[in-house]
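As the structure lists them, so they are numbered: ligands from 1, and atoms in each ligand from 1. Because the structure is predicted, anything quoted here is derived from the model rather than measured.
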Amino acid sequence: MPSLDPATRQALEARLRFYRELGLTDFYRRPVAASEAAVADSAGVSAAAETIIEEPQAQSSFEENPSIPPRKPIFAPPPVSDVLEQDRAAGLRAIQDDIGDCTRCALHKGRNKLVFGDGDPNARLMFVGEGPGADEDAQGLPFVGRAGQLLNNMIGAMGLKREQVYIANVVKCRPPQNRTPEPEEANTCSPFLFRQIDVIRPEVIVALGATAATYLLGQRQPLAGLRGRVHSFRGTKLIVTYHPAFLLRDPRQKKEAWADLQIAMRELGLKAPSKSET
Ligand code: SF4
């Protein structure tokens, strides 16, 4: 059997995984015409690639009862839900397409750029803030102003790079004068955040500030009562800490915030980098 190049092998394995997830485990061999086999051989995909052109065995009920519609062609594109599972980046793009040039709440009136989110779609750690500020509104990216600098430092202190985490907000458009989003605005926008979380499926979420904690946990409580422990949100561990903008105003609380981040690190099995590594 000729050996396969890694890309072809990966494609074959992905396709077989897809079938297994659909519950299709029985295959029969479709006879391959001599001319077809010759073409396959010349492309270097003959013997092993035959498994790809083998089709799942049709169930007898379909053959016996012509009134039952035939099984869908097996090479049709996978259903959207499968695509979301298999390709988180594609899942996030689908959500972004769905949001489009959103006018679902009043915040669209004052925005320059909608701030969808930023980072690794396969991140183990996700940060959720309140909403974009002026810098974020101008650039279309979350946490890029002074608070973003501090968040970058916090991420670095955890031994991670910003590109390794995912960052999003409860609302995707800047509230006027950086006010707290109204409940109607947050409730309209947050389902998109929840969908992002469902696609990324991080192991740990860190809620930055009271607004993020309120809409993720579905309860309004003083931050002091929520910090220092591990909550659960849609099957993901959730830790609450101060918003970096608050830490800029009251740097004495940085020590408390670091204690919260250490809880997240413990849950992720991370060790703080030594001084020589920072
Ligand atoms: Fe749409 Fe969210 Fe922006 Fe409101 S904040 S307009 S719901 S994207």
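You'll find the ring centres of Phe194 and Phe233 inside the 6.0 Å limit.
Annotation: the span from Thr103 atom OG1 to His108 atom NE2 amounts to 5.0 Å, rounded to 0.5 Å.
Listed for the Asp120 side chain is no donor-acceptor partner under 3.5 Å among the backbone atoms of Val165. No donor-acceptor distance shorter than 3.5 angstrom exists from the side chain of Arg227 to the backbone of Thr241, with no hydrogens or angles considered.
Look at Arg111 and Asp101 and you find a salt bridge, because one of the NZ, NE, NH1 or NH2 atoms lies within 4.0 Å of a carboxylate O, short of that distance.
Counting the atoms of ligand 1 from 1 in the order shown, those under 4.0 Å from a heavy atom of Leu114 are 8 (S).
In this structure, Arg229 places its CZ atom where more than 12 heavy-atom neighbours from other residues, nucleotides or ligands lie under 6.0 Å away.
Listed by chain and number, the protein N, O or S atoms at a distance under 2.8 Å from atom 4 (Fe) of ligand 1 are Cys105 SG.
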